[in-house]
Protein chains: 2
Amino acid sequence: MKTTKKRSSDKKITLVDVADASGVSAITVSRVINQPEKVSESLRIQVQKAIDSLGYIPNQHASSLASSKSRVIGVAIPSLSNIVFTEVLRGIYEVMGAAGYKVLLVDTHYSPLEEEKMVRTLLSQSPEGLIITGGDQTKACQNFLQKARIPIVQIMELLADPIDMNVGFAHGRAGFDVVKHLLGQGYERIGFIGARMDPRVQQRMQGYKLALEQAGKFEKNYIVTTPEPSSIGVGGELFKSLMASTNGVVDAVFCVNDDLALGALFEAQRMNIRVPQDMAICGFNDIEAAEYVNPSLTSVSVGRYEMGVQASEMIIRVLNEKPIESKKVDMGYEIKKRASTSRL
Amino acid sequence: MKTTKKRSSDKKITLVDVADASGVSAITVSRVINQPEKVSESLRIQVQKAIDSLGYIPNQHASSLASSKSRVIGVAIPSLSNIVFTEVLRGIYEVMGAAGYKVLLVDTHYSPLEEEKMVRTLLSQSPEGLIITGGDQTKACQNFLQKARIPIVQIMELLADPIDMNVGFAHGRAGFDVVKHLLGQGYERIGFIGARMDPRVQQRMQGYKLALEQAGKFEKNYIVTTPEPSSIGVGGELFKSLMASTNGVVDAVFCVNDDLALGALFEAQRMNIRVPQDMAICGFNDIEAAEYVNPSLTSVSVGRYEMGVQASEMIIRVLNEKPIESKKVDMGYEIKKRASTSRL
DNA sequence: AAGCGCAATGATTGCGCTATCATCAGCATA
DNA sequence: TATGCTGATGATAGCGCAATCATTGCGCTT
C-alpha cells in the first residue's frame with residue numbers, strides 16, 4: 001500500500017483506491033458491491049476486506065450518473081405535521097426501504113405552485129418513481145410529470161383522470177355516509193366543521209351537503225369553516241362559532257378530521273353539552289385517540305399506512321416490469337361507530 | 001407504460017441540448033442556472049427561453065459529481081410515527097428548504113445497527129451536513145461520521161461528548177423537576193409509566209428515581225415499563241398494571257410521554273378514579289391535546305420545532321463559514337402545570 | 001489435440017455537469 | 001499608441017462510477 005498522502009483520511013476514498021489496495025481492477029470492486037455473485041469468493045473476500053479497512057462508501061452520484069439508476073423515489077406531501085401523511089409515509093418508507101430505495105421527501109404546504117417547484121426538485125434527482133398527493137397539480141407540473149416517463153402514483157383521493165396510477169378513497173361518499181349514519185341515529189340538525197379546506201376536505205363537505213339535501217335538511221349556516229390549518233384548538237373555536245351562529249339548535253356535528261372533532265368534544269364538555277345525548281360528534285381519519293377518549297369518538301377509518309404500502313408496491317412492480325392488477329385502487333373506508341354518535 | 005412515441009421526446013434533455021437550442025456554449029447555460037449574475041441579461045433571457053421551452057431539468061447527480069456539492073442534508077430519526085420527531089422535522093424542512101437544501105430522511109427504528117446502515121446510505125449521497133438523533137451510534141458509525149468531515153448535529157438530548165455539534169435538552173433534569181412538582185402538590189406515592197425505553201426515556205426515568213430517592217419515597221414497584229412503542233392504548237394498559245400491582249396506593253403517575261398520559265387519564269376516567277383529586281397524571285412533550293383535554297394535562301413543553309430550526313441554522317452557518325456561538329445548545333424545557341396535577 | 005463454451009476479470013469509454021483557465025472585446029489610463 | 005484591466009463567453013478536462021466489449025484461463029467435448 002502506498003502512502004504518498006500522509007493524511008490518508010483527508011481524501012475521499014474511491015473505487016480506485018479500493019482497487020489499488022486489493023490489487024484488482026476498479027470494475028471488479030464495483031462488481032463486489034453491485035453484483036457479488038459475479039465475483040469469485042476469494043476475490044470477493046479480499047476486496048471486501050479492503051472496503052472495510054478503508055471505510056469506503058460508494059459515491060451514489062457517480063453511480064447514478066453512470067448507470068442512470070438513482071434508487072431514489074420522490075414523495076411529495078402537503079404537510080409534515082399532519083398525522084395522516086406521516087402514516088402514509090411510514091408505509092412508503094417501510095416498503096421502499098426494504099426494496100433498497102431511498103425516499104426523497106418534500107413538503108408542498110398545500111400549494112400547487114410550491115408543489116410545482118418541489119416536483120422540479122424531485123425530478124432533478126432523477127427519481128425512478130414518484131408518489132404525489134392528490135390531483136391538484138399545475139399545468140406545468142403535469143407536463144414535467146408526463147415527460148418524466150417514470151411510474152407515478154397520486155395518492156389520497158380517487159381521481160377521474162390520473163397522470164399514471166392512483167390510490168385513494170372516495171372522500172365525497174365518506175362524507176355522505178357519515179351524514180346518513182347521523183340521520184339514522186335520529187339527529188336532525190347536522191352541522192359541519194371544516195378547516196384548511198383542501199380538495200379532499202371539500203369533497204367530504206360536498207358529500208355532507210348532498211346527503212342533507214336529499215333528506216331535505218340542509219342549512220347553509222350549519223357550515224362553519226376556516227382556511228387555517230386544523231388543530232384541536234381550532235376545533236373548539238369552530239364549535240363555539242357554530243353554536244353561537246345557530247343559537248345552539250344543532251344537534252350533531254360532522255368534523256372534517258379528528259383534531260377538530262376532539263376540539264369540539266372537549267369544548268362541548270366545557271360547555272356542559274352532553275355528548276351524545278344532546279350532541280353527536282363525528283370525526284374523520286380515526287386516529288388512536290378517537291377510540292380511547294370518553295366518550296369514544298365516531299370516526300371514518302382509512303388505511304393510511306396501507307395506502308403508502310400499496311402505492312409503493314405498485315411502483316416497485318412497475319419498475320420490475322411485473323404486471324399490476326389495476327392502475328387505480330380504491331382503498332375504501334369504514335365508519336367506526338362509537339359512543340359519540342350513539343343515541344339509540 | 002412505454003408508448004411508441006417519437007424519438008425527440010424520448011431522450012432526456014441535457015445542458016448541451018439547451019446550449020444548442022439557444023446558440024451558446026454549455027457552460028453559459030450552466031451559468032444561467034447557477035450564477036445568473038455572471039451572464040449578460042440578453043443572453044440570460046435567451047437561454048432561459050430555451051430552458052423553458054425544452055422543459056429542461058438539470059441532472060443533479062452530474063452536477064454533484066462535477067462540483068462535489070450535493071445540496072443535500074441527511075437526517076436520521078428513530079421513528080416517523082412519533083409526533084416529537086415530525087415536529088423537529090418541520091423545523092428542519094422549513095430552514096433547509098428556504099436555504100435551498102434538500103433533505104434526505106431516514107428512519108432508524110430506534111436501532112443503532114439500523115442507524116449505522118442508514119448513515120451509510122446518507123453518506124453515499126455525499127450530504128453537506130447531517131442531523132442525527134441522540135448519541136447512541138455504533139463504533140463503526142462514529143468512524144464514518146468522523147471521516148465524513150461535514151457538519152453534524154446530534155439532536156434531542158445533551159451529550160457529554162458529541163461528535164460535532166449538539167442541540168437538545170436535559171431529559172434527566174426534566175424528570176427530576178416533574179417529580180419535585182408532584183411532591184410539591186402533596187402527592188406522595190408517585191408511579192412511573194414508560195414505553196419504548198429509548199435512551200432519553202431512560203434519562204427521564206433516572207431523574208424521576210433520583211428525585212424520589214432524595215425524598216426517601218422511591219419504591220421500585222411503582223415503575224411499570226414496556227419495550228413496546230408508546231401509544232394511548234399502551235398507556236391505559238400500563239396504568240391498569242400499575243394500579244393492580246400496587247393495589248391502587250399510587251396517587252400520582254409520571255408518564256414518559258403524552259400518549260401514555262392520555263391513555264392513563266382516559267383509563268382513570270373509566271375506572272372512576274378522580275384526576276387530580278385522587279390521582280395526578282403528568283405527561284411529557286406537551287402535545288396540543290394536553291392543553292385541551294378535560295382535565296387539562298400537566299406536561300413538559302419542549303421546543304421541538306425550534307430544535308429543528310436551531311440544528312439546521314447551525315449547519316448552514318458552518319457551511320457558510322460563519323461563526324457559531326457554541327457547538328452545544330441547551331434548548332431547555334418548561335413544565336406546564338395544569339389541572340391534572342393540581343391538588344392545591 | 002483442437003475446438004468450444006463459459007466463468008472470471010479487465011480496459012475503455014462516457015454519463016451530464018462544473019472548475020479552471022483561456023480568450024477577447026471594450027474601455028480607461030499613462 | 002501601448003498597457004493594463006474588466007466583464008463576458010468559451011474550450012477543455014475531469015468528477016467517480018458502470019455499460020460495454022475484450023480477454024484470459026480452464027474444463028469439457030469430439
Side-chain angles (χ1 to χ4, degrees), chain A residues 10-48 50-51 54-72 100 120-121 123-128 148, chain B residues 10-48 50-51 54-72 100 120-121 123-128 148:
Chain A
D10 251 18
K11 266 207 72 175
K12 239 178 265 167
I13 289 150
T14 72
L15 254 197
V16 176
D17 297 327
V18 178
D20 288 350
S22 53
V24 300
S25 72
I27 189 68
T28 298
V29 178
S30 169
R31 285 200 189 99
V32 169
I33 293 167
N34 299 307
Q35 306 161 290
E37 74 282 359
K38 296 211 165 179
V39 180
S40 68
E41 194 183 335
S42 59
L43 255 196
R44 198 163 60 224
I45 291 170
Q46 181 182 331
V47 170
Q48 189 60 54
I51 289 177
L54 290 175
Y56 169 66
I57 292 185
N59 180 326
Q60 191 55 51
H61 298 298
S63 170
S64 299
L65 184 58
S67 68
S68 50
K69 269 179 205 147
S70 62
R71 304 250 88 190
V72 165
R120 290 186 74 116
T121 300
L123 288 177
S124 75
Q125 304 288 324
S126 356
E128 297 185 35
Chain B
D10 252 16
K11 268 204 68 175
K12 241 181 262 170
I13 289 150
T14 73
L15 206 52
V16 174
D17 297 327
V18 177
D20 288 350
S22 52
V24 300
S25 71
I27 188 68
T28 298
V29 179
S30 169
R31 285 201 189 98
V32 169
I33 292 167
N34 299 306
Q35 307 160 290
E37 73 283 358
K38 295 211 167 179
V39 179
S40 67
E41 193 182 335
S42 59
L43 255 197
R44 197 163 60 225
I45 292 171
Q46 181 182 330
V47 170
Q48 190 60 54
I51 289 177
L54 291 175
Y56 169 66
I57 292 184
N59 181 326
Q60 190 55 51
H61 297 297
S63 170
S64 299
L65 183 58
S67 67
S68 50
K69 268 179 206 147
S70 63
R71 305 249 88 191
V72 164
R120 289 186 75 116
T121 300
L123 287 177
S124 76
Q125 304 289 323
S126 357
E128 297 185 35

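Letters go in sequence order (proteins before strands), and every chain restarts at 1. Only heavy atoms go into these numbers, but all of them, side chains included; no hydrogens, no water, no symmetry mates.
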Going by the rule side chain to side chain contact (heavy atoms under 4.5 Å, CB included), which residues pair with [X] if we only count those two or more places apart in sequence or in a different chain?
{"X": "B/Thr14", "result": "B/Val16, B/Asp17"}
{"X": "A/Ser70", "result": "A/Ser64, A/Val72, A/Glu128, B/His61"}
{"X": "B/Ala50", "result": "B/Val18, B/Ala21, B/Ser22"}
{"X": "B/Ile57", "result": "A/Leu123, A/Ser124, A/Phe144"}

Side-chain N or O of A/Tyr56 less than 4.0 angstrom from OP1 or OP2 on D/dG16?
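No.
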
Under 4.0 Å between a side-chain N or O of B/Ser25 and OP1 or OP2 of D/dG10?
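For D/dG10, OP1 or OP2 has a side-chain N or O of B/Ser25 closer than 4.0 Å.
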
Partners meeting side chain to side chain donor-acceptor pair (under 3.5 Å) with [X] (sequence neighbours left out):
{"X": "B/Arg31", "answer": "none"}
{"X": "A/Thr28", "answer": "A/Ser25"}
{"X": "B/Ser63", "answer": "none"}
{"X": "B/Gln48", "answer": "B/Asp52"}

For a quick check of understanding: with a heavy-atom distance under 4.0 Å over all strands, which category does A/Ser68 fall into, base, sugar-phosphate or nothing?
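It contacts nothing in the nucleic acid.
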
How close do B/Ile33 and B/Tyr56 get, heavy atom to heavy atom, and via which atoms?
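Closest approach of B/Ile33 to B/Tyr56, heavy atoms only: CD1-CE2, 3.5 Å.
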
Side-chain donor-acceptor pairs under 3.5 Å in residues 35-43 of chain B, sequence neighbours left out?
none

In residues 58-67 of chain A, what residues come within less than 4.0 Å of DNA chain C, judged by heavy atoms?
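Close to the strand are A/Leu65, A/Ala66.
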
Gap between atoms [atom1] and [atom2], on [X] and [N] respectively (whole Å):
{"X": "B/Lys69", "N": "C/dT18", "atom1": "NZ", "atom2": "C1'", "answer": "10 Å"}
{"X": "A/Lys12", "N": "D/dG14", "atom1": "NZ", "atom2": "P", "answer": "18 Å"}
{"X": "A/Arg71", "N": "D/dC17", "atom1": "CZ", "atom2": "C1'", "answer": "16 Å"}
{"X": "B/Asp17", "N": "C/dC17", "atom1": "CG", "atom2": "P", "answer": "9 Å"}

For the helix from C/dA1-D/dT30 to C/dA30-D/dT1, what angle lies between the axis at the first five pairs and the axis at the last five pairs, to 10 degrees?
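Rounded value for the end-axis angle: 50°.
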
Contacting residues from residues 26-41 of chain B, given that a heavy atom lies under 4.0 angstrom of DNA chain D
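Contacts with DNA chain D under 4.0 Å: B/Ile27, B/Thr28, B/Arg31, B/Val39, B/Ser40.
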
Quick one, A/Leu15 and A/Pro58 - any side-chain contact, counting heavy atoms below 4.5 Å?
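A side-chain contact under 4.5 Å is absent here.
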
